[in-house]
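This report concerns only the one structure given below.
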Protein chains: 2
Amino acid sequence: MKEYLNLQDHLCFSIYACSRAISRMYRPLLNKLGITYPQYLVLLVLWEKGERSIKEIGERLDLDSGTLTPLLKRMEEKQLIQRTRLKTDERVVKISLAPKGEVLHEEAACIPSALVESSGMNIEEIVELNEKIKALTKRVLSAESHNYFTKQDDDSIIE
Amino acid sequence: MKEYLNLQDHLCFSIYACSRAISRMYRPLLNKLGITYPQYLVLLVLWEKGERSIKEIGERLDLDSGTLTPLLKRMEEKQLIQRTRLKTDERVVKISLAPKGEVLHEEAACIPSALVESSGMNIEEIVELNEKIKALTKRVLSAESHNYFTKQDDDSIIE
DNA sequence: GATAATTATATTGTGCACAATATAAACGAT
DNA sequence: ATCGTTTATATTGTGCACAATATAATTATC
């Protein structure tokens with residue numbers, strides 16, 4: 001078992017660097033549409049099904065309200081979405097696609113292929129890598145909730 | 001070729017979500033050491049070789065000065081590193097490990113194993129995944145510099 | 001049906017990321 | 001030596017992420 005790992009041997013760093021690289025590759029494409037990468041993800045969720053609560057969007061993207069609330073307000077200012085508080089439960093804010101947000105669906109259709117092309121991988125390889133990363137994420141998230149290594153004096157300070 | 005991809009089929013999202021999940025899993029461990037994940041990465045670089053210029057750190061982590069300058073100042077305030085402007089070339093700021101930063105090397109030794117454990121993968125699988133992701137990053141970065149899809153009206157506005 | 005507990009969103013504050021720009025030092029060619 | 005170019009860092013401004021907390025509405029319990 002190696003003690004002193006090189007930076008490049010750290011899986012955490014590879015994934016962190018890869019995520020930023022993809023985001024940077026997408027940026028010029030998304031700039032043309034006037035949106036950022038997290039905003040694009042929100043649109044992906046809304047394109048699946050035109051209406052979602054903020055909570056549902058957060059669960060889907062694993063983002064909390066501190067991130068989503070201002071992001072969605074910026075998207076409303078750009079008239080991509082509408083924010084409406086539910087009459088039946090006034091705690092819930094319903095996010096729905098505005099016409100401009102619908103239109104972007106067509107214009108953004110080419111975006112996923114940008115990664116496919118530049119990845120130099122075929123669809124089978126991409127699907128396989130995707131499955132591996134999703135499995136890793138799932139395990140990491142459950143390890144996080146177990147708080148494996150931090151039973152002693154971390155979160156438990158609160159008590 | 002599928003037109004309408006589900007969010008979970010997007011490799012970009014899987015990697016983005018995985019990166020944040022790992023960062024969140026590390027957070028309680030890093031909190032104990034009083035550092036953040038990007039600060040941990042800077043320390044990994046310095047632990048390899050005690051001294052680096054900001055430029056070298058930036059090249060290693062693929063982060064620019066707008067990110068590193070304030071981050072390194074926070075690390076200096078915490079007495080983890082020292083910042084010294086070179087006498088021989090006063091443009092260059094040399095970053096070196098302070099005693100507190102050296103000490104953390106021991107305390108942080110368990111961190112990489114946290115991901116290994118929670119990943120549920122063996123070393124061979126991790127190395128293989130790591131290589132695939134590094135290869136993807138490399139290709140994405142070179143695609144980005146070619147500006148594949150954006151020859152017309154994006155960056156070329158500058159001209 | 002008042003009160004406690006839960007739920008959904010919002011707010012605040014800190015720390016990245018990164019584009020765009022500024023500044024200042026070093027270097028190169030004349 | 002001087003001027004233009006390059007190089008290294010810093011600054012500014014915007015937009016995430018996320019912890020911690022607040023607020024307000026709903027639901028559950030008695």
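Chain identifiers are assigned alphabetically (A, B, ...) following the order of the sequence lines, protein sequences preceding nucleic acid strands; residue numbering begins at 1 within each chain. What you see is a predicted model; the values in this text were computed from it and never measured.
- In terms of modelled atom types and a separation under 3.5 Å, the side chain of Ser142(A) and the main chain of Arg139(A) share a donor-acceptor contact.
- Not one side-chain nitrogen or oxygen of Arg20(A) sits closer than 4.0 Å to the OP1 or OP2 atom of dA17(D).
- One finds a side-chain N or O of Tyr16(A) lying less than 4.0 angstrom from the OP1 or OP2 phosphate oxygen of dA17(C).
- Using a 4.0 Å heavy-atom cutoff across all strands shown, Lys94(B) reaches no nucleic acid atom at all.
- Residue Arg85(B) places at least one side-chain N or O closer than 4.0 Å to OP1 or OP2 of dA10(D).
- Residue contacts for Asp64(A): at a heavy-atom cut-off of 4.0 Å it reaches a base atom on one of the strands shown.
- Contact annotation: Lys73(A) reaches the phosphate of dT11(C) (side-chain N/O to OP1 or OP2, under 4.0 Å).
- Classified by interplanar angle (parallel below 30°, tilted 30° to 60°, perpendicular above 60°), the ring pair Trp47(B)/His105(B) is parallel.
- On a pure distance criterion of 3.5 Å, no polar donor-acceptor pair joins the side chain of Arg91(B) and the base of dT9(D).
- Applying the 4.0 Å criterion to OP1 and OP2 of dC18(C), one finds that Arg24(A) has a side-chain N or O inside that range.
- The phosphate of dC16(C) (OP1 or OP2) has a side-chain N or O of Thr36(B) nearer than 4.0 angstrom.
- Neither OP1 nor OP2 of dT14(C) sits under 4.0 Å from any side-chain N or O of Arg74(B).
- A distance of 9.5 Å separates OH of Tyr37(B) from CE of Met25(B), quoted to the nearest 0.5 Å.
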